[in-house]
Number of protein chains: 2
Amino acid sequence: MLLSTKGDYGVRALIDLAKHVGEGPVQRAEIARRRQIPESYLDHLLAQLRRDGYLRSTRGPGGGHELAKASDEITLLEVLESLEGSLVPIECVNEEPGSAAGALCGQQWVWQDIYTLMLERLGGTTIADLVEHENQHEQRFAATYKI
Amino acid sequence: MLLSTKGDYGVRALIDLAKHVGEGPVQRAEIARRRQIPESYLDHLLAQLRRDGYLRSTRGPGGGHELAKASDEITLLEVLESLEGSLVPIECVNEEPGSAAGALCGQQWVWQDIYTLMLERLGGTTIADLVEHENQHEQRFAATYKI
DNA sequence: TAATTCACGACAAGTTGAGTCAAGATTCTA
DNA sequence: TAGAATCTTGACTCAACTTGTCGTGAATTA
Ligand code: FES
Ligand code: FES
């Protein structure tokens, strides 16, 4: 498994914030409830995302978190790398080919290919895209309800 | 990290066996030495690969391991799944879309896409392909040596 | 000042990764 | 039949990571 819950929860939180942009700060507890994330764990994730500049937070009554950038300027890739660290599928993809890996293993190039595809996909998808998908999903759900 | 050393070592071993096909059984110790794998660990991996039918082994003096199939009929995908278990990048890719994941997260579809690409690549690459790549690599290496 | 909300670090239980080791089974050769 | 060579299997270890929980403290507002 490449992704732990950290990345998943973190993205969920950012989607939530993106959906409530312009409504003032959103509280941790609210995000946690809506997205089903343990609040005291979400704590750490929001802190990390703040440190990396994806959101800003204010303390005190009426405080909370809000996006620090436009949701279409935050790619899935950055967020996941912020929370999970590098997403390399196997360690040697960063080493230059022709080093030990090339001589001993011979599958390095396959994983470099796959990694490149991954980076393209994740780098080309923004939080705004995810929100849009979610909205469409909700509309479909509402439609089947009406029928 | 998606892959542990298990998958990597296992593939190395199969490549080694593929290169010595037709020369009788190859001993564990030899594979371990050539491919730099701890022998007593390689142990478990070969056992698993034998159970899943990718190689056969004989005991006693002169014994060892050999491929049980043609090297171009063993895909990287099967081998890795045999050794690592499922290669899903995140757990929910197998759940039907529209379940909890769709409502809470909204990034499921991205990972399903990536997973599909991964399966195509890994399923379309055989041990024979890896051996060929390795041979080409060696030739290039020899060439730069001559110059 | 009291209440609210985030910030940060310590801690803990469970799982996984990466091996190691030893006892046993099988086969070959002398 | 006695070794010797090989694979087979399961138990065991050690460290790191995951997924949290808690408690204290800091900032802000009313
Ligand atoms: S050493 Fe990198 S794929 Fe094997
Ligand atoms: S729940 Fe599957 S990607 Fe978030």
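Values reported hereafter were calculated over all heavy atoms of this structure, with side chains retained and with hydrogens, waters and symmetry mates removed. Just so we're on the same page: letters track the sequence lines, and every chain starts at 1. Model, not experiment: these values are computed from the prediction.
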Measure the distance from CG on B/Leu55 to C1' on D/dT8 and round it to the nearest whole Å.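 To the nearest whole Å, that distance equals 13 Å.
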Please state how far atom CZ in A/Arg51 lies from atom C1' in C/dG9, giving the value in whole angstrom units.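 Between C1' of C/dG9 and CZ of A/Arg51: 11 Å.
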Please determine which of A/Lys69, A/Glu78, A/His65 meets the side chain to side chain donor-acceptor pair (under 3.5 Å) test together with A/Tyr54.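 Exactly one pass, corresponding to A/Glu78.
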So do the side chains of B/Ile74 and B/Val79 get within less than 4.5 Å of each other, counting heavy atoms only?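 Of all side-chain heavy-atom pairs linking B/Val79 with B/Ile74, at least one is under 4.5 Å.
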With heavy-atom distances below 4.5 Å as the criterion, would you say the side chains of B/Leu122 and B/Leu87 are in contact?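 Result yes, sub-4.5 Å side-chain heavy-atom pair found.
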Nearest 0.5 Å, what's the CG-OG1 distance between B/Leu77 and B/Thr125?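 B/Leu77 CG to B/Thr125 OG1: 9.5 Å, rounded to 0.5 Å.
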I'd like to know whether A/Tyr115 forms a side chain to side chain contact (heavy atoms under 4.5 Å, CB included) with A/Ile90, so could you lay out the CA-CA distance, the side-chain angles of the two residues, the decisive distance to 0.1 Å, and finally the verdict. CA-CA 9 Å; A/Tyr115 187 45; A/Ile90 188 169; over 6 Å; no
Taking the basic N atoms (NZ, or NE/NH1/NH2) and the acidic carboxylate oxygens, is any pair closer than 4.0 Å for [X] and [Y]?
| X | Y | result |
| --- | --- | --- |
| A/Asp16 | A/Arg12 | no |
| A/Glu39 | A/Arg28 | yes |
| B/Lys19 | B/Glu138 | yes |

If the cut-off is 4.0 Å, is A/Ser57 near the phosphate of C/dT5, judged by side-chain N/O to OP1 or OP2?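 Looking at the OP1 and OP2 atoms of C/dT5, neither is under 4.0 Å from any side-chain N or O of A/Ser57.
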Toward the 5' end of DNA chain D, which comes first, A/Glu84 or B/Gly62, by nearest nucleotide?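 Nearer the 5' end of the strand: B/Gly62.
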Do B/Ser82 and B/Asp52 have a side chain donor and acceptor closer than 3.5 Å?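 The criterion, which ignores hydrogens and geometry beyond distance, is satisfied for B/Asp52 and B/Ser82.
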Indicate for each nucleotide in nucleotides 25-30 of chain D, in 5' to 3' sequence, whether protein heavy atoms under 4.0 Å reach the base (B), only the sugar-phosphate (S), or nothing (-). BBSBS-
Ring-plane angle category for B/Trp109 and A/His133, please: parallel below 30°, perpendicular beyond 60°, tilted otherwise.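 B/Trp109 and A/His133: parallel rings.
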Which residues within residues 2-20 of chain B lie with some heavy atom under 4.0 Å of an atom in DNA chain D?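 Heavy-atom cutoff 4.0 Å gives no residues at all.
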Contacts to DNA chain D from residues 23-48 of chain A, heavy-atom cutoff under 4.0 Å, which residues?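 When residues 23-48 of chain A is checked for heavy atoms under 4.0 Å from DNA chain D, the hits, listed by number, are A/Pro38, A/Ser40, A/Tyr41, A/His44.
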